[in-house]
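Notes follow once the structure below has been shown.
Heads up: numbering here begins at 1 and tracks the sequence. Quick caveat: nothing in here was measured; it's all calculated off a predicted structure.
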Amino acid sequence: MLLTLAAMSRIGRQALATAGLALVLGLPHAAQAQSADVVGVHYPPTIKVEGSNLTINGSGISYRAVAKLYTVGLYVPQKASKAEAIFATGGPKQLRFVMLQGMRVDELGKVITKGIENNSSREEFFKLIPSIRIMGEQFSRIKRLNTGDVFAIEFVPKRGTMFFVNGQPAGLPLEDAGFFPAVLRTWLGNRPVTQDLKDALLDYKAPPVLDALQ
């Protein structure tokens, strides 16, 4: 059924009102992916992992309601604006978190576990359970992350996935090559934690609301 001109106008006004409310409240939404620079956290443009230069692909902010929890930056061998390209690229990768407030690390573990489950088939998820358990054991030794702490999840081919707190390893590498891509899908998968954070990590720039309605 075709929309009338009045209906289209009403939809446009509602979209503008929603976007305006989000801007007033400071809420993240898909049309306003925010980088970590918004809260004063600057990620270096490049880092070195196992002799390889990695480039910042994008950074964003994680919220609980309106409270800012942490920032996260994604480092990859080659910058890309599509999640599929990130997953297809070989070589080391790193997710780097900077805490904006203190939190128990098992809260982040629950986010990762839920993200893996939401973005994996039942069979894939069951195969990853041993690695998820090891992650939980390592997180239990960390216990808590404080404001300003830097937490990294790093993948190196043939070695596996490692967790670091302020540059110090939390344990031995998790050797399952499929584990890091599953973790990364928590933020870049088809069912990410939030779409605005996925957009920020991919450095996606949505068109202005007015342009989108034209």
Side-chain angles (χ1 to χ4, degrees), residues 8 10-43 55-76 78-89 93-101 103 107-122 124-125 128 132 151-153 155 178-214:
M8 292 176 67
R10 184 171 63 254
I11 291 170
R13 289 196 301 273
Q14 289 171 345
L16 284 169
T18 300
L21 179 62
L23 286 170
V24 169
L25 296 178
L27 296 174
H29 59 95
Q32 192 189 17
Q34 295 177 312
S35 77
D37 289 312
V38 170
V39 291
V41 177
H42 177 68
Y43 284 86
T55 300
I56 185 73
N57 199 78
S59 67
I61 307 164
S62 179
Y63 290 80
R64 178 184 292 144
V66 296
K68 302 176 182 69
L69 297 179
Y70 56 80
T71 68
V72 55
L74 172 62
Y75 285 92
V76 294
Q78 185 174 348
K79 190 175 173 67
S81 60
K82 299 290 185 183
E84 295 81 2
I86 299 292
F87 287 110
T89 302
K93 298 181 180 74
Q94 188 189 94
L95 283 164
R96 181 178 295 198
F97 303 78
V98 178
M99 308 309 299
L100 299 176
Q101 60 175 274
M103 64 183 289
E107 292 183 52
L108 186 57
K110 290 175 183 177
V111 170
I112 294 171
T113 301
K114 188 65 174 177
I116 292 174
E117 185 176 11
N118 286 343
N119 291 279
S120 303
S121 68
R122 188 176 182 85
E124 289 169 339
F125 181 72
L128 292 165
I132 293 172
F151 178 74
I153 307 175
F155 172 75
F179 183 65
F180 185 83
V183 171
L184 190 54
R185 284 195 291 270
T186 299
W187 290 275
L188 295 188
N190 292 327
R191 298 177 64 189
V193 173
T194 61
Q195 184 62 45
D196 66 291
L197 187 49
K198 176 179 178 178
D199 290 344
L201 291 174
L202 294 172
D203 202 21
Y204 171 75
K205 300 294 191 298
V209 174
L210 289 175
D211 289 349
L213 292 176
Q214 289 178 354

From CZ (F155) to NZ (K93), nearest 0.5 Å: 6.5 Å
Rounded distance [0.5 Å steps], NZ in K68 versus CD1 in I61: 6.5 Å
Step-by-step side chain to side chain contact (heavy atoms under 4.5 Å, CB included) determination, L197 to S62: CA-CA 7 Å; L197 187 49; S62 179; 4.3 Å; yes
Nearest-0.5 Å distance that lies between atom CD1 in I116 and atom CD1 in I132: 4.5 Å
Trace of the side chain to side chain contact (heavy atoms under 4.5 Å, CB included) decision for L202 with K82: CA-CA 7 Å; L202 294 172; K82 299 290 185 183; 6.0 Å; no
I86 to A80 - nearest heavy-atom pair and separation: CD1-CB, 3.8 Å
Given N57, T89, L201, I56, the one that forms side-chain contact (heavy atoms from CB on, under 4.5 Å) with V76: N57
D196 side chain to Q34 backbone, donor-acceptor under 3.5 Å: no
Which pairs of donor and acceptor atoms, one on a side chain in residues 178-193, lie under 3.5 Å apart (sequence neighbours left out)?
| residue | atom | partner | partner atom | Å |
| --- | --- | --- | --- | --- |
| R185 | NE | N119 | O | 3.4 |
| T186 | OG1 | I112 | O | 3.4 |
| T186 | OG1 | V183 | O | 3.0 |

Atom pair NE2/CG of H42 and D37 - distance to nearest 0.5 Å: 6.5 Å
Close side-chain approach of L108 and Y70, heavy atoms under 4.5 Å: yes
Trace of the side chain to side chain contact (heavy atoms under 4.5 Å, CB included) decision for F97 with I153: CA-CA 8 Å; F97 303 78; I153 307 175; 3.8 Å; yes
Results of side chain to side chain donor-acceptor pair (under 3.5 Å) for E124 - residues two or more places apart only: S121
Gap separating the OG atom of S59 from the CG atom of L95, nearest 0.5 angstrom: 12.0 Å
Residues Y43 and T71: side-chain donor-acceptor under 3.5 angstrom: yes
Nearest-0.5 Å distance that lies between atom CG in D199 and atom OG in S81: 11.0 Å
CD (E107) with more than 12 external heavy atoms under 6.0 Å: yes
